Amino acid sequence: MVAGHLQEKRGYFYIVLNYKDSNGKRKSKWIATSLPVKGNKRKADELLQQARIEFRPEAEEPKPTVPVTAVPVTSLTGDVLFADFMLSWLDVIKRSVSPVTFSSYSEMVKGITVPYFRKTGIRLSALKPRDIQAFYDEKIKTVSANTVIHYHANIHKALDMAVKMELITSNPSDHVELPKKNRFVGSFYNGDELNELFAAAKGTKLELPILFGAFYGLRRSEVVGLKWDAVDFENNTITIRHTVTVCCIDGKKVMVAADRTKNKSSMRTLPLVPFFKDRLLCLQEEQSRQRRLCGKSYCRDYLGYICVDELGALIKPDYISAAFPKFLDSHGLRRIRFHDLRHSCASLLLAHGVPMKQIQEWLGHSDFSTTANIYSHLDYTAKLSSAEALVTSLDFASEAEPSRYKTSQKGKIKALFRQ
């Protein structure tokens, strides 16, 4: 019987089985239970025990695959297998999207979409909405609705290209039913928790990433991409304009550094507050001293970057994601993702009455709706104003003590929204 445990994800229980393959390599398998977390612990435990007993690791051994080369787009006909057409579409878009975006597309298409439709043997000209719907209905059993929507985005774009090339007359993915998108609600730390986190991180490798993530709301790629030439110590500004990301290209993990951000609005200039100015000036002197001490052993590939270790090596994005939860656990702090420091920043700004529009500009969201959709549930000030307006307008007071009663009602409403 293999080892396993239950994992909560998006409000549902998942079974996670741990085993070793024929080469002794540790692996894990996730199995959806479709059971909501609330009130289903016993049922989920029963399913876990059953899965541990019935699971056969040898059945999970990967089967040899035949390498597939994409057919040149100019040679395509409607008779091509839909799986092969998707590979050809990848070849076309590779020239027009960033390496990071292409890596995401490629992973979904080559890892999920192509294997599924290759088994069906469906050709592009014979593809029907019901075939695509069957694919979505199958995948929703193991992945989130948002992931299925990502699969659909790629399929829809590819079939749009097929229509433009006159390989098919209409796009069959226009006529499928998509699952309802999961509304994302980020976790976040309050002010006390952030101060405790800052104290624990002081002097560690994660100190700067944590500070920049929580105070400036920087994304992981923006933190790692910070350079000294982005800091203007005279005018007290810091400009976010360079990012470092990790992606998988042709089966290999590569680090992509570029003078660009997630979107045009993400390229922004923020005030360099006194605390960060002093901290960065001290860091400059510290890094200069370390270069002198280490001599030739000091890595000189990342001299322009701020977030480097004692030997000058860049603190990579993957390290931050992997080390952050372990750091929280080791210090007894509530577990959140590194990206949730960005949400913590937004929640504090909202709690102190900063308008949503200003928060959009601080975080570098592409448009106001993005900020509003993510953080509207945290907008305490707006809800409190609405509640107090209703209390003032409606006569809930007793005849004996109207003013005192209204004040009491306001207090109750404030307490309600603070919960």
Side-chain angles (χ1 to χ4, degrees), residues 183-199 201 207-223 225-226 230-233 235-241 243 261-280 306 324 333-334 336-392 410-419:
R183 184 185 176 187
F184 174 77
V185 178
S187 184
F188 59 91
Y189 272 3
N190 59 34
D192 291 337
E193 288 175 306
L194 284 176
N195 285 327
E196 189 177 353
L197 174 62
F198 296 158
E207 180 184 8
L208 277 178
I210 286 173
L211 287 173
F212 280 116
F215 185 85
Y216 286 109
L218 299 192
R219 302 174 178 93
R220 185 185 66 167
S221 60
E222 295 170 341
V223 170
L226 279 174
V231 183
D232 187 337
F233 289 108
N235 295 309
N236 295 321
T237 62
I238 182 168
T239 301
I240 314 305
R241 59 172 177 241
T243 58
T261 50
K262 185 175 181 181
N263 53 62
K264 187 176 179 181
S265 301
S266 295
M267 193 171 292
R268 59 206 186 274
T269 298
L270 302 170
L272 182 65
V273 298
F275 170 81
F276 277 89
K277 182 176 182 177
D278 294 342
R279 183 68 184 86
L280 290 176
I306 293 175
F324 184 65
L333 299 171
R334 181 165 60 88
I336 60 173
R337 304 169 308 159
F338 180 79
H339 194 76
D340 290 328
L341 293 178
R342 182 171 163 86
H343 299 314
S344 302
C345 170
S347 70
L348 284 176
L349 291 172
L350 279 168
H352 286 82
V354 177
M356 195 79 76
K357 181 63 179 176
Q358 291 181 26
I359 295 175
Q360 174 204 339
E361 294 167 354
W362 186 267
L363 297 179
H365 283 150
S366 56
D367 54 60
F368 179 81
S369 63
T370 302
T371 314
N373 289 338
I374 296 175
Y375 300 115
S376 60
H377 69 289
L378 298 176
D379 196 351
Y380 168 80
T381 304
K383 293 173 184 175
L384 183 57
S385 298
S386 300
E388 290 184 343
L390 286 170
V391 170
T392 303
K410 289 182 182 180
K412 289 179 181 179
I413 292 175
K414 285 183 180 180
L416 175 65
F417 279 109
R418 286 194 180 110
Q419 290 177 355

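Computed from a predicted structure; not experimentally measured. If you read the sequence from its start, that first residue is 1, and numbering goes on from there.
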Salt-bridged, E196 to R334, with N to O below 4.0 Å? no
Which heavy atom of I210 sits nearest to which heavy atom of A201, and what is that distance? CD1-CB, 3.7 Å
Closest contact, heavy atoms only, G191 versus L348: N-CD2, 3.8 Å
If you measure from OG1 on T239 to CG on L226, what distance do you get to the nearest 0.5 Å? 10.0 Å
For residues I306 and V223, determine if any side-chain heavy atom of one lies less than 4.5 Å from a side-chain heavy atom of the other. no
With rounding to the nearest 0.5 angstrom, report the CG to OH distance, D192 to Y189. 12.5 Å
State, with a plain yes or no, whether a side-chain heavy atom of T269 is found less than 4.5 Å away from one of D232. no
Could you grab the distance from atom CG of L280 to atom CD1 of I238, nearest 0.5 Å is fine? 6.0 Å
For the side chain of N190 and the backbone of E193, is there at least one donor-acceptor N/O pair under 3.5 Å apart? yes
At what distance, to the nearest 0.5 angstrom, does NZ of K277 lie from OG1 of T237? 10.5 Å
Exactly one of F198, F276, F275 should register a ring-ring contact (aromatic ring centres under 6.0 Å, His included) with F212. Which one does? F276
For the residue pair R219 and R342, establish whether any side-chain heavy-atom pair is separated by less than 4.5 Å. yes
Closest heavy-atom pair and its distance - R279, E207: NH2-OE1, 3.1 Å
Could you report the tightest heavy-atom contact between S347 and F188, atom names first, then the distance? OG-CD1, 3.3 Å
Separation between CG of L363 and CD1 of I240, rounded to the nearest 0.5 Å: 11.5 Å
Under 4.5 Å between any side-chain heavy atoms of Y216 and V273, yes or no? yes
Quick check: closest heavy atoms across C345 and G217, and the distance to 0.1 Å? SG-N, 3.9 Å
Does any non-hydrogen side-chain atom of V354 lie less than 4.5 Å from one of W362? no
A side-chain contact here means heavy atoms from C-beta on lying under 4.5 Å apart; do I336 and F324 qualify? yes
Do the side chains of N235 and L272 get nearer than 4.5 Å, heavy atoms only? no
Spacing of CG belonging to L349 relative to CD belonging to Q358, to within rounding of 0.5 Å: 9.0 Å
Minimum side-chain heavy-atom gap R337-R220 below 4.5 Å: no
